[in-house]
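This report concerns only the one structure given below.
Heads up: numbering here begins at 1 and tracks the sequence.
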Amino acid sequence: MTKKHLITCSVMLVVVIISSFDLCDATAVKRSNSTRSISKFVSTNTKDESDELNFAEEFLPVNDERVTRKMHYSLKMHSYSKVQSNILHNKAVKLFPIIEPILKYYGIPDDFKYIPLVETGLREGTSPRGAKGLWQFMPGTARTYGLKVSRKKDERMNVRKSTIAACKYIKELYGEFNSWTLAAAAYNNGSIKLEKAINRQNEDNYFRMRLNRETGSYVYKLIAMKEVIQNPKKYGYKEEYYSYSFKSLPLLAFN
């Protein structure tokens with residue numbers, strides 16, 4: 001081989017090596033960007049954060065854009081920038097010490113204590129459909145679960161008695177659907193309508209079902225309410241919501 005040929009081969013070898021390094025670098029950058037993009041999405045679904053985004057230990061599906069979008073929207077609508085009031089936290093401080101031990105006694109997950117906050121929100125009184133009280137019972141349903149409803153006396157307005165009635169109703173719904181999220185959805189929409197939707201869609205995961213607007217956002221609202229009550233500063237609320245302790249009431253008080 002001549003000297004000229006040797007030099008030419010050496011140059012070509014160097015070019016090949018440099019090109020290989022460039023290709024590797026480009027691939028590495030591409031993979032790095034891809035990994036970073038995936039990590040950014042997955043970071044919203046890490047185990048720690050997923051532990052927060054659940055209802056009664058039933059977790060939101062990860063990597064589901066529709067679920068993520070609906071959850072983010074609900075969190076936004078429950079933030080201080082939208083609510084502009086601490087009334088929800090004040091209600092929680094007042095009501096939770098009464099509601100929590102009753103839920104515990106009846107074996108209902110603690111997360112159901114957020115239903116009264118979602119049902120009544122910033123308002124009080126009777127709904128256009130006739131539902132009334134913290135648990136927004138219709139008269140017929142209230143009577144079915146032991147509450148007295150008349151012109152003279154309406155036990156839907158009694159926190160303790162209406163909570164007991166709600167627990168009995170929720171427990172019955174769980175027995176029917178074997179899911180706390182579906183029990184919550186049925187509490188909002190009725191068991192008959194929910195059962196029809198399950199059969200029609202052949203789907204019994206609440207988060208993957210297509211439901212009417214109110215019921216389809218109901219559990220998301222409960223989770224969002226749970227978030228803003230437990231982590232107020234994270235969602236722009238000015239004052240810290242301090243946890244409290246309560247003494248267990250006598251079991252006879254719930255009978």
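For Tyr169 and Trp135, the ring centers are positioned 6.0 Å apart or more. Proximity of the aromatic rings of Tyr237 and His89 is defined here by a centroid distance below 6.0 angstrom, and this criterion is met. A distance below 6.0 Å separates the ring centres of Tyr174 and Trp180.
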Given side chain to side chain contact (heavy atoms under 4.5 Å, CB included), test Lys196 with Asn199 step by step and report yes or no. CA-CA 5 Å; Lys196 287 181 179 179; Asn199 293 335; 5.8 Å; no
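Side chain to side chain, Glu58 and Tyr206 fail the donor-acceptor criterion of an N or O pair below 3.5 Å. The closest side-chain donor-acceptor pair between Thr163 and Lys113, if any, does not fall under 3.5 angstrom. For the residue pair Tyr105 / Glu100, no side-chain donor-acceptor distance below 3.5 Å is found, with atom types taken as modelled.
Taking Phe207 as the reference, Tyr220 meet the ring pair (Phe, Tyr, Trp, His ring centres under 6.0 Å) condition, with sequence neighbours excluded.
Between the CG atom of Leu173 and the OG atom of Ser191 there is a distance of 6.0 Å, given to the nearest 0.5 Å. Interatomic distance, CG of Asn189 versus CG of Leu182, reported as 11.5 Å (0.5 Å rounding). To the nearest 0.5 Å, atoms CD (Gln136) and NZ (Lys132) are separated by 10.5 Å.
Within the structure, salt bridge (Lys or Arg N to Asp or Glu O under 4.0 Å) pairs that include any residue of residues 208-223 comprise Asp64-Arg208 (at least two apart or interchain).
Within a 6.0 Å radius of NZ in Lys70, other residues, nucleotides and ligands contribute more than 12 heavy atoms.
Following chains of ILVMFWY side-chain contacts shorter than 4.5 Å, one can reach Phe112 starting from Leu95, so the two form part of one hydrophobic cluster.
Using a cut-off of 4.0 Å between Lys/Arg side-chain N and Asp/Glu carboxylate O, Lys148 and Asp154 are scored as not salt-bridged.
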